[in-house]
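What follows is a single structure, written as structure tokens, with notes after it.
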Amino acid sequence: DVQLQASGGGLVQAGGSLRLSCAASGFTFDDYVIGWFRRAPGKERDRISCLSSSDGSTYYTDSVKGRFTFSSDNAKNTVYLQMNSLKPEDTAVYYCAVSRFPDRCLTFTYDYEMDYWGKGTQVTVSS
């Protein structure tokens with residue numbers, strides 16, 4: 001049974017940090033591109049970061065560049081999103097997802113473009 005489980009969200013003050021985790025079961029990340037996405041209240045789900053398992057390359061959307069870091073622990077089959085210098089506009093439900101196709105995360109437009117989605121974890125940043 002393939003599952004992705006995101007965790008680590010919570011309430012934090014502006015300027016604070018959180019680390020999100022996304023654990024995979026039923027498959028390994030080896031053959032996938034992994035993405036972190038978020039949906040802010042009243043908005044569409046947006047891609048914020050991608051990690052290629054094949055070469056370890058990462059992508060960050062401009063709004064999080066320099067503040068968020070995407071990493072992986074292959075032994076634990078878990079990826080992480082370290083979020084520093086959090087801002088109220090980072091408030092959203094955060095999701096992880098994977099695709100077998102390397103470009104799907106970078107070109108993400110629709111949810112069906114990713115193969116598996118985890119349930120989201122709420123991040124709330126107070127001002």
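Residue numbers run from 1 in the order of the sequence given.
- Side-chain contact check for Phe27 versus Val98: some heavy-atom pair is nearer than 4.5 Å.
- By the side-chain hydrogen bond (donor to acceptor under 3.5 Å, both in side chains) test, Ser57 is found to be paired with Asp55, residues two or more places apart in sequence or in another chain being considered.
- Residues passing the ring pair (Phe, Tyr, Trp, His ring centres under 6.0 Å) test with Tyr60, sequence neighbours excluded: none.
- Under the side chain to side chain contact (heavy atoms under 4.5 Å, CB included) criterion, Ser7 pairs with Ser21, not counting sequence neighbours.
- Hydrophobic clustering of Ile, Leu, Val, Met, Phe, Trp and Tyr side chains at less than 4.5 Å, counting indirect connections, keeps Val33 apart from Val79.
- Side-chain contact check for Ile34 versus Ser53: some heavy-atom pair is nearer than 4.5 Å.
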Only pairs under 3.5 Å count here: list side-chain donor-acceptor contacts from residues 113-127, not counting sequence neighbours, and write none if there are none.
residue, atom, partner, partner atom, Å
Glu113, OE1, Thr109, N, 2.6
Glu113, OE1, Tyr110, N, 3.0
Asp115, OD1, Arg100, NH2, 3.2
Asp115, OD2, Arg100, N, 2.8
Asp115, OD2, Arg100, NE, 2.8
Trp117, NE1, Asp111, O, 2.9
Thr121, OG1, Gly9, N, 3.0
Gln122, NE2, Ala92, O, 3.4
Gln122, NE2, Thr124, OG1, 3.3

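- Screening residues 68-85 for salt bridge (Lys or Arg N to Asp or Glu O under 4.0 Å), with sequence neighbours left out, gives no hits.
- Both Val2 and Phe29 are assigned to one and the same hydrophobic cluster, defined by single-linkage of ILVMFWY side chains at heavy-atom distances under 4.5 Å.
- For the side chain to side chain contact (heavy atoms under 4.5 Å, CB included) test, residues two or more places apart in sequence or in another chain that qualify with Thr28 are Asp30, Asn77.
- Annotation: the span from Trp36 atom CH2 to Ile48 atom CD1 amounts to 8.0 Å, rounded to 0.5 Å.
- The two residues Ala14 and Pro88 have their closest heavy-atom pair at CB-CD, 4.1 Å.
- Taking both residues in full, the closest heavy atoms of Leu51 and Gly56 are given as CD1-O, 3.6 Å, listed atom of the first, atom of the second, then distance.
- Going from atom CG of Asp31 over to atom OG of Ser54 covers 9.5 Å, rounded to the nearest 0.5 Å.
- The same ILVMFWY cluster, assembled from side-chain heavy atoms under 4.5 Å apart, contains both Val12 and Leu81.
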Ignoring hydrogens and angles, write down the donor-acceptor pairs under 3.5 Å from the side chains of residues 37-44, residues two or more places apart or on other chains.
residue, atom, partner, partner atom, Å
Arg38, NH1, Asp90, OD1, 2.9
Arg38, NH1, Tyr94, OH, 2.9

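- The salt bridge (Lys or Arg N to Asp or Glu O under 4.0 Å) search around Asp62 returns Lys65, not counting sequence neighbours.
- With sequence neighbours left out, Tyr59 forms a side chain to side chain contact (heavy atoms under 4.5 Å, CB included) with Arg47, Cys50, Thr61, Leu106.
- Gln82 pairs by the side-chain hydrogen bond (donor to acceptor under 3.5 Å, both in side chains) definition with Asn84, not counting sequence neighbours.
- You'll find the side chain of Leu20 stays beyond 4.5 Å of the side chain of Phe70, heavy atoms only.
- Listed by first and then second residue, the disulfide bond (SG atoms under 2.5 Å apart) pairs involving residues 71-100 are Cys22-Cys96 (not counting sequence neighbours).
- Scored by the salt bridge (Lys or Arg N to Asp or Glu O under 4.0 Å) test, Lys87 finds no partners at all (sequence neighbours excluded).
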